[in-house]
Amino acid sequence: MSAQFPVARPRRLRRTPALRRMVAETRLAPADLVLPMFVKEGITEPQPVASMPGVVQHTRDSLRKAAHEAAEAGVGGLILFGIPAVKDGTGSAADDPAGIVQLALRDLASDLGDATVVMTDLCLDEYTDHGHCGILTAGGEIDNDATLERYASIAVAQAAAGSQVLGPSGMMDGQVGVIREALDQAGYSDIAIMGYSVKYSSAYYGPFRDAAECAPQFGDRSTHQQDPANADESLREVFLDLDEGADMVMVKPAGAYLDIVRRVRDAVDVPVVAYQVSGEYAMIEAAAEKGWIDRDRTIMESLLSIRRAGADITLTYWATEVAKKLR
């Protein structure tokens with residue numbers, strides 16, 4: 001580039017909204033967005049989540065209505081999280097054919113067809129009475145390999161109920177490979193796996209644990225989720241998941257880890273997903289409620305930054321709202 005001021009004037013292309021739209025390097029589309037949704041067994045009305053204004057724990061009926069609204073707006077996908085009425089040490093409701101997520105999946109598969117992609121979280125923390133992501137040893141530690149057996153069973157149950165994409169989020173070693181094998185053996189070789197490949201042990205998950213009622217009853221998840229100090233390790237996790245059969249890979253959280261999103265995007269040739277998590281959502285909503293920031297502009301800026309960093313798909317609680325604006 002040889003021209004200098006006053007010949008070179010970058011502001012020429014910023015002069016009007018139409019010019020700015022025309023030369024924009026990064027664009028959002030409704031199909032890029034996935035809406036996380038919570039469905040709870042045993043309630044008759046949607047239950048607001050106090051720490052996530054605008055987010056609710058759905059009944060089966062309200063879930064169907066909200067899912068239809070999202071599909072009508074062009075949202076690319078929905079991912080379901082379930083809260084059972086009864087929890088136990090093995091999370092037995094997670095693979096129960098009559099469990100809340102399996103029932104909700106059948107509802108949505110019937111209602112939506114191919115209008116949007118119906119996905120499921122695959123973990124145990126919402127279903128266990130101790131709130132951890134796996135089976136515990138007598139000493140209270142997570143038994144990685146015993147947990148994998150449960151994940152395999154849950155994967156088959158969710159696929160049978162109609163999930164099109166499974167998202168194993170427990171960060172157990174070997175989880176993608178075990179799930180892939182279980183799906184293939186059960187005749188579900190066409191079901192995709194979205195690896196929660198880079199999931200950090202983050203303070204940004206607090207409001208989600210209110211919504212999914214899955215806060216650990218003791219300890220934390222730092223033995224299996226990644227240390228926020230580590231970046232190189234993220235690529236090792238990604239390549240392990242791809243070797244085991246993941247069809248796409250995720251970075252979670254998104255906003256505080258945009259450098260990781262970019263590193264992953266530069267390293268792989270599969271879709272990269274980023275999860276704009278509950279803490280990111282809650283901070284923007286809280287600051288906007290105080291009048292400290294422009295809510296709508298901040299939402300769009302946050303999503304553009306995730307897309308600009310390299311994410312092909314973004315999980316966000318604003319998916320329906322933003323999709324409507326984009327259309």
K.L.:
For Val49 and Pro207, which heavy atoms make the closest approach, and how far apart are they?
P.N.:
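Smallest interatomic distance, heavy atoms only, reads CG1-O, 4.4 Å.
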K.L.:
How long is the gap from CD on Glu126 to CZ on Arg209, to the nearest 0.5 Å?
P.N.:
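Atom-to-atom, Glu126:CD and Arg209:CZ are 11.0 Å apart.
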K.L.:
I need the Arg262 CZ to Ile306 CD1 distance, nearest 0.5 Å.
P.N.:
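Between Arg262 CZ and Ile306 CD1, I get 13.5 Å after rounding to 0.5 Å.
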K.L.:
Sub-3.5 Å donor-acceptor pair from the side chain of His130 to the main-chain atoms of His132, do we have one?
P.N.:
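Yes: the side chain of His130 pairs with the backbone of His132.
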K.L.:
Between Glu285 and Arg295, does at least one N-O distance fall below 4.0 Å, as a salt bridge requires?
P.N.:
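Salt bridge: yes.
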K.L.:
Might you point out which heavy atoms bring Leu78 and Ala70 nearest each other, and give the distance in Å?
P.N.:
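Residues Leu78 and Ala70, closest heavy atoms: CD2-CB, 3.7 Å.
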K.L.:
When you check the side-chain N and O atoms of Ser305 and Ser302, is any donor under 3.5 Å from an acceptor?
P.N.:
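Absent: no donor and acceptor within the cut-off.
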K.L.:
With Tyr204, which residues qualify under ring-ring contact (aromatic ring centres under 6.0 Å, His included), at least two apart?
P.N.:
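ring-ring contact (aromatic ring centres under 6.0 Å, His included) check on Tyr204 returns nothing, list empty.
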K.L.:
Indicate whether the side chain of Ser163 and that of Gln158 have a donor and an acceptor atom separated by less than 3.5 Å.
P.N.:
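No - no donor-acceptor pair under 3.5 Å links their side chains.
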K.L.:
Is any NZ, NE, NH1 or NH2 atom of the basic residue among Lys325 and Asp296 found under 4.0 Å from an Asp or Glu carboxylate oxygen of the other?
P.N.:
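Looking at Asp296 together with Lys325, the answer is yes, because their closest N to O distance falls below 4.0 Å.
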K.L.:
Could you tell me whether the side chain of Gln102 and the main chain of Asp96 form a donor-acceptor pair under 3.5 Å?
P.N.:
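Indeed, once roles are kept as given, a pair shorter than 3.5 Å links the two residues.
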K.L.:
Are a donor atom and an acceptor atom from the side chains of Asp88 and Ser92 found within less than 3.5 Å of each other?
P.N.:
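The answer is yes; a qualifying pair exists.
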K.L.:
Hydrogens and angles aside, do Ser189 and Asp184 bring a side-chain donor and acceptor to less than 3.5 Å of each other?
P.N.:
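Looking only at side-chain atoms, Asp184 and Ser189 do not form any donor-acceptor pair under 3.5 Å.
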K.L.:
Could I get the full list of ring-ring contact (aromatic ring centres under 6.0 Å, His included) partners for Phe81, not counting sequence neighbours?
P.N.:
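By the ring-ring contact (aromatic ring centres under 6.0 Å, His included) rule, Phe81 matches Phe38, Phe208.
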K.L.:
Side-chain donor-acceptor pair under 3.5 Å between Asp95 and Ser153, yes or no?
P.N.:
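Their side chains do contain a donor-acceptor pair, which is all the 3.5 Å distance test asks for.
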K.L.:
Can you list every pair that meets salt bridge (charged side-chain N to carboxylate O under 4.0 Å, His left out) and has a residue in residues 36-50, with sequence neighbours left out?
P.N.:
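As it turns out, the salt bridge (charged side-chain N to carboxylate O under 4.0 Å, His left out) pairs with a partner in residues 36-50, which skip direct neighbours, are Lys40-Glu213.
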K.L.:
Hey, which of Val264, Val273, Val249 is the one that makes side chain to side chain contact (heavy atoms under 4.5 Å, CB included) with Ser197?
P.N.:
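Among Val264, Val273, Val249, the one meeting side chain to side chain contact (heavy atoms under 4.5 Å, CB included) with Ser197 is Val249.
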